Amino acid sequence: MGCSASCSGRIVHSDDDKIKDAKIIFVVGGPGSGKGTQCEKVVAKYGYTHLSSGDLLRAEVASGSERGKTLQAIMQKGELVPLDTVLDMIKDAMIAKADVSKGFLIDGYPREVKQGEEFEKKIGAPCLLLYIDAKGETMVKRLMKRGETSGRADDNEETIKKRLDLYYKATEPVIAFYSSRGIVKKIDSELPVDEVFGHVAKAIDGLK
Ligand SMILES: Nc1nc2c(ncn2[C@@H]2O[C@H](COP(=O)(O)OP(=O)(O)OP(=O)(O)O)[C@@H](O)[C@H]2O)c(=O)[nH]1
Ligand SMILES: O=c1ccn([C@@H]2O[C@H](COP(=O)(O)OP(=O)(O)O)[C@@H](O)[C@H]2O)c(=O)[nH]1
């Protein structure tokens with residue numbers, strides 16, 4: 001357990017107890033900065049549980065549920081879905097994996113300071129925030145390329161621009177918020193993938 005006192009949760013119910021001492025790492029960065037790529041490598045090396053907020057939302061869309069239809073419309077515009085929806089999905093996914101998890105990588109979350117605050121009230125505090133940083137033009141280029149094959153409705157020029165604008169406006173303040181706690185590690189993701197991972201691994205090893 002790497003986070004001891006700083007990972008305290010305010011937990012009441014028994015299901016909640018399962019995750020109250022979980023090791024939690026937030027992975028924050030712009031769209032296409034390489035969060036998912038690095039998370040995959042962290043899973044392979046450290047066996048952590050990877051929970052991508054975007055993937056959880058896309059799974060709900062793919063289920064064809066009424067809620068999924070509402071989410072799809074929001075995501076297609078590059079806007080943020082209501083905070084409670086994402087938080088409930090993340091929490092349920094954490095509880096489902098609690099018994100076997102060595103720690104959780106929460107990828108693409110929080111998107112705004114308020115999301116982080118609510119997460120801490122309902123689940124617990126992160127012991128590390130990996131800030132995956134790439135230039136705007138790099139992110140656009142990567143997403144346009146990914147869009148050739150990803151099939152993601154939001155990997156198109158217009159929505160990419162909106163996602164990027166929202167990232168700078170809503171998500172960058174998250175980094176300042178957690179920096180004051182000294183848990184932010186900024187990772188330059190302009191480098192080749194394996195070099196980026198070297199820095200990610202160093203940050204995680206520093207937790208022990
Ligand atoms: N050159 C280079 N390409 C990268 C790097 N990391 C990711 N990519 C590519 O950039 C694209 C986006 O990477 P993802 O890992 O999907 O980015 P993400 O931040 O998870 O993006 P979202 O799913 O939109 O949140 C992919 O096609 C990757 O192959 C990197 O370090 N260097
Ligand atoms: O906490 C979250 C996470 C994702 N999204 C939505 O899901 C989309 C895709 O998110 P993902 O993290 O997969 O991709 P990114 O925008 O980082 O490229 C976003 O544009 C939002 O519409 C959201 O509203 N809240």
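Predicted model only: the values in this text are computed from it and were never measured. We count ligands from 1, going down the list as the structure has it; atoms in each ligand are counted the same way. Just the heavy atoms: all of them, side chains too, but no hydrogens, waters or symmetry mates, feed the values below.
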task: Check step by step if salt bridge (charged side-chain N to carboxylate O under 4.0 Å, His left out) holds for D165 and K161.
output: CA-CA 6 Å; D165 286 348; K161 189 179 174 313; 3.1 Å; yes

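Between Q38 and ligand 1 there is no heavy-atom distance shorter than 4.0 Å. Ligand 1 lies within reach of G30, whose nearest heavy atom is under 4.0 Å from it. Residue contact annotation: K77 has no non-hydrogen atom under 4.0 Å from ligand 2. By the 4.0 Å heavy-atom criterion, S189 is counted among the residues contacting ligand 1. Using a 4.0 angstrom heavy-atom cutoff, L191 counts as in contact with ligand 1. In this structure, G32 counts as a contact residue of ligand 1, since one of its heavy atoms falls inside 4.0 Å of the ligand. Contact annotation: S33 has at least one heavy atom less than 4.0 Å from an atom of ligand 1.
Residue Q115 holds the heavy atom nearest to atom 1 (O) of ligand 2 of all those in M89, R142, Q115, M139. Checking R142, E40, M144 against atom 32 (N) of ligand 1, the nearest heavy atom belongs to R142.
Within a 6.0 Å radius of CD in E118, other residues, nucleotides and ligands contribute more than 12 heavy atoms.
Close approach of ligand 1 to G34 is summarised as follows: ligand atoms under 4.0 Å from at least one heavy atom of the residue are 6 (N), 7 (C), 13 (O), 14 (P), 15 (O), 17 (O), 18 (P), 19 (O). Residue-ligand proximity, K35 to ligand 2, at heavy-atom distances under 4.0 Å covers atoms 17 (O). For ligand 2, the atoms closer than 4.0 angstrom to any heavy atom of R152 are 9 (C), 11 (P), 13 (O), 14 (O), 18 (O). In the vicinity of Y109, heavy-atom distances shorter than 4.0 Å reach the ligand 2 atoms 1 (O). Atoms of ligand 2 lying under 4.0 Å from any heavy atom of R58, numbered from 1 in the order shown and given with element: 9 (C), 13 (O). Close contacts between ligand 2 and E79 involve ligand atoms 21 (C), 22 (O), 24 (O) [criterion: under 4.0 Å to a heavy atom].
Between the side chains of D188 and Y131, no donor-acceptor pair is found at a separation under 3.5 Å.
Considering backbone and side-chain atoms together, L80 places no N or O closer than 3.5 Å to any N or O of ligand 2. At under 3.5 Å, not a single nitrogen or oxygen of R146, backbone or side chain, sits near a nitrogen or oxygen of ligand 2.
Both the backbone and the side chain of M75 come within contact range of ligand 2, each with a heavy atom under 4.0 Å. Only the side chain of D154 comes within contact range of ligand 2, with a heavy atom under 4.0 Å; no backbone atom does. Contact annotation: for K162 versus ligand 2, there are no heavy atoms closer than 4.0 Å. Of all the heavy atoms of L57, the ones lying under 4.0 Å from any atom of ligand 2 belong exclusively to the side chain. The part of R152 lying near ligand 1 is the side chain, judged by heavy-atom distances below 4.0 Å. The proximity of E190 to ligand 1, defined as any non-hydrogen pair under 4.0 Å, does not occur for either the backbone or the side chain. Under 4.0 Å from ligand 1, heavy atoms of V193 appear from its side chain as well as its backbone. Looking at V86 against ligand 2, only its side chain comes within 4.0 Å, counting heavy atoms.
Of the possible donor and acceptor atoms, none in the side chain of K185 sits under 3.5 Å from a partner among the backbone N and O of L130. Judged by distance alone, with hydrogens and angles left aside, the side-chain atoms of R146 form no donor-acceptor pair with the main-chain N or O of D155 at under 3.5 Å. With hydrogens and angles disregarded, a donor-acceptor distance shorter than 3.5 Å links the side chain of Q115 to the backbone of R111. Checked by atom type and distance alone, the side chain of T85 never pairs as donor or acceptor with a backbone atom of V81 at under 3.5 Å. Without hydrogens or angle criteria, K114 side chain to L83 main chain gives no donor-acceptor distance under 3.5 Å. With hydrogens and angles disregarded, no donor-acceptor distance shorter than 3.5 Å links the side chain of S189 to the backbone of G34.
We find the NZ-OG distance between K23 and S101 to be 10.0 Å, quoted to the nearest 0.5 Å.
The protein heavy atom nearest to atom 12 (O) of ligand 2 is R111 NH1, 3.0 Å. For atom 18 (O) of ligand 2, the nearest non-hydrogen atom of the protein is R163 NH2, 2.5 Å.
In this structure, Y109 and F119 have tilted ring planes: the angle between them lies in the 30° to 60° band.
Under the 4.5 Å side-chain heavy-atom criterion for Ile, Leu, Val, Met, Phe, Trp and Tyr, Y178 and I175 are members of the same hydrophobic cluster.
No side-chain heavy atom of Q72 sits under 4.5 Å from any side-chain heavy atom of E60. When side chains are defined from C-beta on, L164 counts as touching V140, because their heavy atoms get closer than 4.5 Å. At least one side-chain heavy atom of I106 sits under 4.5 Å from a side-chain heavy atom of I24.
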